[in-house]
S.K.: 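First the structure, then my questions, so here it is.
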Amino acid sequence: MNGLLRRCAPRNDFSNFLLHNLENSLRAPSFIVISILFEVFVAINFFIRGQFFTGSGSTDLVLFFSAIPYICIINIPALCYKQSFSIYDDFIPLSDLARQTAHFLTRLILFSLQLILLLPAIALINLFGTTDGGQIFTSLVCLLFYGAAVISLCGFIQNIIPNKITSIIVSALALVIFNTSHLFALYVNLPSVLTSLARSLSFAWHFDAAGKGLLDTRDLLWLAASSALFLFLSDTILQIKKGRRFSKNLRLRHILLPLISLLIMLNASRWYTRIDFSKNKTYSISKYTKALTSRIESPVKITYYRSSAIAKLYPQIRDVADFLTEYAAQNKKISLLIKDPDKDQASRTMLENYGIASQQLRSVSGTSTEYLTVYSAIAIEYEGNAETIPFTMAANTLEYDLDGRLRHLISGQARKVNIVSGNGLSLADNYSYVIPWLQSQGFICNPLYIDDPAFAEELDNSQGPLLVLGDSQITIENAIAIEAYILNGKGSALLAISPYTADIENTWNITAAPRTNLLEMAENWGLTFHNQLVSDISCARITMYADDNNQTQLLNYPLWPSLLPQKNAPLGITLFWASPLEINSDESKAYSITPYLLSSPAACTINEDKASPDKLFETNPFLLNQQGKIAGSEYSTKLLGAEIRGSLPGLYNAASSENSHIIIIPDQYFASTLMNGYIGGDNGDYRNFEFLTNALLKLNGEEELAALQSRAVRDTSLYKVTDIVQLNALRLVTFIILFVILPLLLIALGVILNVLHKK
């Protein structure tokens, strides 16, 4: 009889059955409820738990998407719950496998619709900053494959366990394991085989690449094959429960298909492809690297010292090895070795010779806590010389790090920078981040001290760009030596100078600088410093303590302009009490002055209060916020940085240069440890130091490498929000749309579908 029904049934039974299940599922109250819960949970996790509106928010969507597997612990078992309309399934003339496939596709379509419900939240995030379209695409694709895998798993559990409530509970527990298995090795010392299995089961492990904008076939094949495996096993379980005897062909199908799926899962990592969809193609080999590696004439040996302990715990370590493999493939003369210092004493000795120290990794086992010694270092050897990357955990900046060191080895020229603090602040204390940061970027730092009698002689014997931080203590003798260094062609310079000084450690009072010798040198070249400060609506947002209580208050501080991402500051930069500049152009001069940094269009200037020389400007954040718009001010884009190129005349020296390169910014505190602490937040704000690196690379003649350094970073700040009023307005709009309008629309959709069904 069943055979007759199948022969007589129309060819579209499968599609009709699928549409029947889909229609009834869409109008089911349970689907509406779990969809609302799904969307609200993800929004709460990102916007509220992630403190998106506190000033430290980020448009990086990793946190947004990584919350989905946790709500799926409830959501997917609920989607797989067999509805009452399914009692008619047995009357449809379909095979058990076709019926299981239809159920699977129904649930996958429902899950896809829930993913679509997240798009309004992503659109709202773009009102605050810029998201990465590639990251969104790869994350959604990976989540779709993840949904397919866990839906087939829950369907398999449902077929094994007839009791619906029990099957839901078991499914939820299975998803807990599926979502957190990568953490097992952190708390339990597992054998390597079990550690690899735990990694393979973990969604976080398979999502890591997609969360950065990479589609990795290893992850997609594993998830797709696991979907097929549980789908075929479900069919086998149904046949066994119905007591059917398997024919030879059926036995072959029920053994061969699951076996093929399992083999694909186990071998997915043997042959793989990675496609980079990230906004800046951060994980792809650039043209600069291809050109650089083509210049290699002798063998290059790259050794990656990677501890097995760190490789077990962090999925991003795989990206490092993958990128090194792709990097080495650019030239046959590049060889790559991956060594485990945990198992090789010779490797640990070599690391000690390189001066590379181990890192401490916390491990919890039972009731005890221990710290493991781990390495993740890279050594590059070329013609008897070596450069190292002491520690790396990610591949997003790896190309820049490798290229900088390889370029040094090929050219034989060290990347040096001479650093002068000219405002009385200490490089060791007040600018404590500068030297370690630049050293991590491959610079050899040469600090020079203006109170040293041999300052002029030491500077004259130096090479490389000159970084001057402030000039309020620069004497005329110091200025003569600095100008001579610039004019004699030995080095370019980044001058961070200002007509004012600020009491940054106490009152923030601003006074006139006692010395402005470098300022006058810049003005001799045609760059005017106005005796004003720039106030910008796009500014730093700082947390201040009220005097009368311990309450904190988040305030916009307009005297610290937060410059938007632009050509010479790809991430933007925050300046502190900066004066506006003006270029006095003269086509007859043998050099050019061009804008380097610009404020937002909503900037204005504040004049000095000449009656109060000890406090030329009001700097109290509370009073500035109460004042609102400055009376009589005109808002426009202000010049906050300039670049000078060409043959410069001397002011203190009779000589002139042939081809100088100078960058001037009117802020001596942009690299100050204390000032960057105010804007750093919990996650740190390193934009100023990224700018510093980028500018020094350009001054060192490494323009292409500077462009590569810019490519490796992405602005995830809320730069589109310029004031607290706008922030509050957008926050209200976000909450209304996500927590009121969307849930109401889902409820209305359910009501409409039910009304149409009854009609």
Side-chain angles (χ1 to χ4, degrees), residues 415-450 464-474 482 491-498 500-505 508 510 513 518-519 522 534 539-540 542 557 559-563 566 568-579 581 596-597 640-643 662-681 684-700 706 709-710 713 717:
R415 184 189 297 157
K416 298 179 179 179
V417 59
N418 307 290
I419 307 173
V420 175
S421 175
N423 54 12
L425 298 182
S426 166
L427 289 176
D429 299 323
N430 304 105
Y431 293 105
S432 60
Y433 291 162
V434 171
I435 291 179
W437 177 274
L438 292 177
Q439 286 175 338
S440 72
Q441 302 298 307
F443 284 90
I444 297 174
C445 297
N446 177 34
L448 300 170
Y449 302 96
I450 57 176
L466 175 64
L467 170 62
V468 179
L469 300 167
D471 67 333
S472 59
Q473 301 299 321
I474 296 285
I482 291 172
S492 48
L494 170 58
L495 306 179
I497 54 180
S498 169
Y500 303 109
T501 60
D503 182 8
I504 62 173
E505 295 184 349
W508 289 6
I510 294 177
L518 295 189
L519 209 75
V534 171
C539 59
I542 57 178
Y557 193 51
L559 297 185
W560 293 354
S562 182
L563 276 56
Q566 49 195 280
N568 296 309
L571 288 179
I573 179 178
T574 300
L575 299 181
F576 306 96
W577 302 299
S579 296
L581 301 175
Y596 197 77
L597 292 177
L640 292 174
E643 184 175 30
I662 314 295
I663 297 172
I664 297 176
I665 60 172
D667 171 25
Q668 59 191 305
Y669 304 114
F670 83 96
S672 160
T673 304
L674 179 62
M675 304 313 296
N676 280 273
Y678 283 110
I679 63 172
D685 184 348
Y686 301 106
R687 297 183 306 156
N688 289 12
F689 297 99
E690 294 284 1
F691 166 81
L692 176 61
T693 302
N694 193 271
L696 290 176
L697 285 173
K698 292 176 181 177
L699 293 172
N700 199 46
Q709 185 252 1
S710 301
V713 293
S717 65

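Positions are given from 1, in the same order as the sequence printed here.
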S.K.: Can Glu690 and Gln709 be counted as having a side-chain donor-acceptor contact under 3.5 angstrom?
M.R.: yes
S.K.: Going by atom types alone, do Asn423 and Gln473 pair a side-chain donor with an acceptor below 3.5 Å?
M.R.: no
S.K.: State, with a plain yes or no, whether a side-chain heavy atom of Cys539 is found less than 4.5 Å away from one of Pro561.
M.R.: no
S.K.: Does the separation of the ring centres of Trp560 and Phe670 fall below 6.0 angstrom?
M.R.: no
S.K.: Under 3.5 Å, is there a donor on one side chain and an acceptor on the other for Ser472 and Thr501?
M.R.: no
S.K.: State, to 0.1 Å, how close Thr693 and Gln441 come at their nearest heavy-atom pair, and which atoms those are.
M.R.: OG1-CG, 3.6 Å
S.K.: Given side chains that start at C-beta, do those of Ile663 and Leu495 come closer than 4.5 Å, heavy atoms only?
M.R.: no
S.K.: Could you tell me whether the side chain of Leu575 reaches within less than 4.5 Å of the side chain of Leu640, counting heavy atoms only?
M.R.: yes
S.K.: Quick one: closest heavy-atom pair of Phe691 and Ala569, and the distance?
M.R.: CD1-CB, 4.1 Å
S.K.: Could you measure the distance from the OH atom of Tyr500 to the CG atom of Leu519? Nearest 0.5 Å is fine.
M.R.: 10.0 Å
S.K.: What pair of heavy atoms forms the shortest contact from Ser672 to Ile504, and how long is it?
M.R.: OG-CD1, 4.1 Å
S.K.: For a quick test of reading the model, state the closest non-hydrogen atom pair linking Ala642 to Leu581 and the distance between them.
M.R.: N-CD1, 4.2 Å
S.K.: Would you say that Leu563 contacts Thr574 through its side chain, given a criterion of any heavy-atom pair below 4.5 Å between the two side chains?
M.R.: no
S.K.: Between Phe443 and Trp437, is the ring-ring contact (aromatic ring centres under 6.0 Å, His included) condition met? List the steps.
M.R.: CA-CA 9 Å; Phe443 284 90; Trp437 177 274; over 10 Å; no
S.K.: Hey, does Leu425 have a side-chain heavy atom less than 4.5 Å from the side chain of Gln668?
M.R.: no
S.K.: For residues Leu696 and Asn700, determine if any side-chain heavy atom of one lies less than 4.5 Å from a side-chain heavy atom of the other.
M.R.: no
S.K.: Between Asn568 and Lys698, is there a side-chain donor-acceptor contact under 3.5 Å, judged purely by atom types and distance?
M.R.: yes
S.K.: Just by distance, no angles: are the side chains of Ser498 and Trp577 close enough, under 3.5 Å, to form a donor-acceptor pair?
M.R.: no
S.K.: Check whether any side-chain heavy atom of Val420 sits under 4.5 Å from a side-chain heavy atom of Ile450, and report yes or no.
M.R.: yes
S.K.: Check Asp667 against Ala496 and note the closest heavy-atom contact, atom names and distance.
M.R.: O-CB, 3.2 Å
S.K.: Would you say that Asn694 contacts Phe689 through its side chain, given a criterion of any heavy-atom pair below 4.5 Å between the two side chains?
M.R.: no
S.K.: Please report the shortest heavy-atom distance between Tyr557 and Ile542, naming the atom on each side.
M.R.: CB-CD1, 3.9 Å
